[in-house]
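Reviewing the structure listed below.
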Amino acid sequence: MSGFFEQLSRRGLVQDATPGAAERLNAGPVTAYVGFDPTASALHVGNLVPVMCLAWLQRSGGTPIALVGGGTGLVGDPSGKRAERPMLAVEDVAANAEALATQLGRFLSFEGSNAARMVNNADWLARLPLMEFLRETGKHFTVNYMLQKESVKSRMETGISFTEFSYMLVQAYDYWHLFTTAGVELQMGGSDQWGNITAGVELIARKEQKQAHAVVAPLLVTASGHKFGKSEAGNVWLDPARTSPYQFYQFWLNAEDQDAERWLRIFTFLPEEQIAVALAEHANDPGRRAAQRTLAWEVTALVHGEDEADRAARTSLAVFGGADIETDYAELAGTMPNARLSREELQAEPALVDVLVHAGLASSKSEARRGLQGRGFSVNDQQEGDVARRLSVADLRQERFVLLRKGKKNYVMLVIDG
RNA sequence: GGUGGGGUGGCCGAGUGGCUAAUGGCAGCAGACUGUAAAUCUGCCGGGCUAUGCCCUACGUAGGUUCGAAUCCUACCCCCACCA
């Protein structure tokens, strides 16, 4: 088996690394950590990148530590932020940290000789005395050094509070803490974390005269330059309650051709040969989206399990496969986004605009009307341009379903109760 | 503490008494073309309505002048630059 660094690198997960990192990581298993910021209570697809780094580490024999920033979250990371963030309430940070920890759990194995561990830096940061911090950590850094960091430099115009300015030292302290107490020799993260991570490397070098390492993954954007991780419905979350497995699958299925290859490497564990097969199939007939289908199934299976991936794939095919496919609406209703209406409400022949708002396809009636005028909505796959359109029992499919659609891809199944 | 500049829609940025729900760009949504792709072209892009029109909310905050204010005045808050 090849070295861990080589693997990461082949998978497109290395943007930058400290000198010597490659040699150390290829030489043998290490213990490494990745920090997750509890500013939100859920993980989204963007977080999957560092998660994959930890997963690959574990697969190659290393010991992963997932750290949730219950302590650093109280300070606020200025990296990548153009302006000072409002401080989160202490209780919110704690609640978010706990929520993240549960979600991270499913990507790592907590058994075996290299069992993963979860830590929360609040456990040591919350009771760190200020005087000790200033003397033991702050003394090792010059303000000049800190001002060189991109996270600070970019804020010299707009301003940065002392609190956020100090952030990098706190994260550096974390790394040092894990280095000395848990033998952690590597910290990974997104490329926006480079400055913070190398501050930690620096601290360890000065306090311990030892070499620790940093490896950061590239920040993802789509090939056409759009933000990664957004779909029509907004952020793509890993939590099925926020983004259903079907929506999650669709997100990956809609990947641009140019991204599919890169993402297969980054977000799946498929061996190179299988990726090559999928790509060859795709090149042969791009319209079938073989690369995207493989990608979507694999990532959905990883995050939500194989059964959910199968269901999502079936639903996707049924909805987009064309009129010739025999559709079981009841099964679709189980996986797709759906809205409910009572039979009495339908018999009253409600205005389509109201139903569209009710189904969440339009945020207001004005928007629904404008959309209808622009022929942006469909009922049972028929484009609808009449603003005054009303729904009736005549629109029902298989007795109790109406398939509503906004644009090309946003379906909501309207289910009639009773 | 002083002096000067500035705070406009998700972001950037025009506007300096009525023609302004506010030019333009970006982002977003939709249509056409396609392959549930990209690129391109077109439309939409605060909300509500009994709707070729009407009403509400909005230009840092609070008041004021005026028939009428994002635009003028006052106070306050915040940001930036220079000086101390």
Side-chain angles (χ1 to χ4, degrees), chain A residues 80-86 154-162 164 221-236 246-264 278-279 281-297 299-300 312-325 327 332 335-337 351-354 356-379 381-390 403-412:
Chain A
K81 310 287 191 322
R82 281 194 289 181
E84 190 83 11
R85 303 316 282 305
S154 64
R155 289 275 294 278
M156 292 311 284
E157 282 296 308
T158 52
I160 181 167
S161 66
F162 179 72
E164 288 194 7
V221 283
T222 67
S224 52
H226 294 103
K227 284 186 210 100
F228 172 77
K230 296 264 192 216
S231 73
E232 290 77 9
N235 265 122
V236 178
Y246 163 76
Q247 290 168 312
F248 188 81
Y249 179 92
Q250 285 298 314
F251 166 73
W252 297 100
L253 189 74
N254 281 307
E256 297 172 26
D257 287 1
Q258 287 192 57
D259 288 323
E261 173 170 5
R262 193 158 162 238
W263 293 0
L264 276 167
L279 292 175
E281 210 181 313
H282 186 266
N284 195 36
D285 182 2
R288 287 188 47 237
R289 311 175 79 77
Q292 283 91 334
R293 276 178 214 287
T294 308
L295 174 70
W297 191 89
V299 189
T300 308
R314 273 204 306 279
T315 300
S316 177
L317 209 59
V319 175
F320 292 97
D324 49 315
I325 292 178
T327 309
L332 294 188
T335 40
M336 324 179 22
L352 180 56
V353 282
D354 288 318
L356 289 171
V357 172
H358 171 69
L361 284 172
S363 63
S364 70
K365 290 170 77 169
S366 300
E367 192 186 301
R369 287 193 193 96
R370 281 194 296 265
L372 281 169
Q373 272 157 14
R375 305 193 70 78
F377 291 103
S378 305
V379 176
D381 282 321
Q382 286 292 313
Q383 260 188 352
E384 189 56 62
D386 179 7
V387 177
R389 171 76 142 87
R390 292 181 166 277
L403 191 55
L404 301 172
R405 178 174 56 135
K406 173 187 164 210
K408 229 182 276 187
K409 315 174 213 174
N410 303 285
Y411 282 94
V412 170

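Letters go in sequence order (proteins before strands), and every chain restarts at 1. From a predicted model like this one, the values you see are computed outputs, not experimental measurements.
- Map A/D354 and A/R405 each onto its nearest nucleotide of RNA chain B; the residue landing nearer the 5' end is A/R405.
- An OP1 or OP2 oxygen of B/C49 is reached within less than 4.0 angstrom by a side-chain nitrogen or oxygen of A/R369.
- The nearest pair of heavy atoms linking A/F377 to A/A368 is CE1-O, 3.5 Å.
- For A/N254 and B/C29, the CG to P distance is 11 Å, given to the nearest whole Å.
- Put simply, A/Q383 has a side-chain N or O that comes within less than 4.0 Å of OP1 or OP2 on B/A32.
- In this structure, A/R288 atom CZ and B/U36 atom P are separated by 13 Å, rounded to whole Å.
- Residues A/L279 and A/L264 meet the side-chain proximity criterion, which asks for heavy atoms closer than 4.5 Å.
- The residue among A/D257 and A/G376 whose nearest nucleotide of RNA chain B is located toward the 5' end is A/G376.
- Here the side chain of A/Q292 pairs a donor or acceptor atom with the backbone of A/A255 at under 3.5 angstrom.
- A/R375 comes within contact range of the sugar-phosphate backbone alone, with a heavy-atom separation under 4.0 Å but no base atom that close.
- Going from the C1' atom of B/G10 to that of B/C76 covers 28 Å, rounded to whole Å.
- Rounded to a whole angstrom, the distance from the P atom of B/G2 to that of B/C54 is 50 Å.
- In this entry the distance linking CZ of A/F320 with P of B/A37 reads 9 Å, nearest Å.
- Within the 3.5 Å criterion, the main-chain N or O of A/A290 finds a donor-acceptor partner in the side chain of A/T294.
- Classified by interplanar angle (parallel below 30°, tilted 30° to 60°, perpendicular above 60°), the ring pair A/W252/A/W263 is perpendicular.
- Atom P of nucleotide B/G43 and atom CG of A/L372 are separated by 20 Å, given to the nearest angstrom.
- As judged by a 4.0 angstrom heavy-atom cut-off over every strand, A/G374 is placed among residues touching the sugar-phosphate backbone only.
- Atom CD of A/E281 and atom CZ of A/R293 lie 10.0 Å apart (nearest 0.5 Å).
- OP1 or OP2 of B/G48 sits under 4.0 Å from a side-chain N or O of A/S364.
- The gap from the P atom of B/C26 to that of B/A81 amounts to 30 Å, rounded to the nearest Å.
- Taking the P atoms as reference points, B/A22 lies 33 Å from B/C80, given to the whole Å.
- Residues A/L352 and A/D386 are not in side-chain contact: their nearest non-hydrogen atoms beyond the backbone lie 4.5 Å or more apart.
- Distance, A/L356 CG to B/A30 P: 13 Å, rounded to whole Å.
- With sequence neighbours excluded, no residue satisfies side-chain hydrogen bond (donor to acceptor under 3.5 Å, both in side chains) with A/T300.
- Distances shown here put a side-chain N or O of A/K365 below 4.0 Å from the OP1 or OP2 atom of B/C49.
- For the P atom pair drawn from B/U71 and B/G18, the interatomic distance equals 11 Å after rounding to whole Å.
- Using a 4.0 Å heavy-atom distance criterion, A/Q292 is classed as a base contact.
- On the P atoms, B/G4 is 14 Å away from B/A75, given to the nearest whole Å.
- A/K409 has a side-chain polar atom (N or O) that falls below the 4.0 Å cut-off from OP1 or OP2 of B/A37.
- A/L404 has its CG atom 15 Å from the P atom of B/A30, to the nearest Å.
- We find that CG of A/N410 is positioned 14 Å from P of B/G28, with the value rounded to whole Å.
- The P atoms of B/G9 and B/G46 are separated by 13 Å, rounded to the nearest whole Å.
- Going from the P atom of B/C55 to that of B/G63 covers 24 Å, rounded to whole Å.
- RNA chain B forms stems at B:1-7 with B:77-83, B:10-12 with B:24-26, B:28-32 with B:40-44, B:46-49 with B:53-56, B:60-64 with B:72-76, each a run of 3 or more consecutive Watson-Crick or G-U wobble pairs whose two key distances fall under 3.5 Å.
- Atom CZ in A/R370 sits about 16 Å away from atom P in B/G43, given to the nearest Å.
- For the side chain to side chain contact (heavy atoms under 4.5 Å, CB included) with A/R405, the lone residue among A/N410, A/D381, A/V412, A/V379 that qualifies is A/D381.
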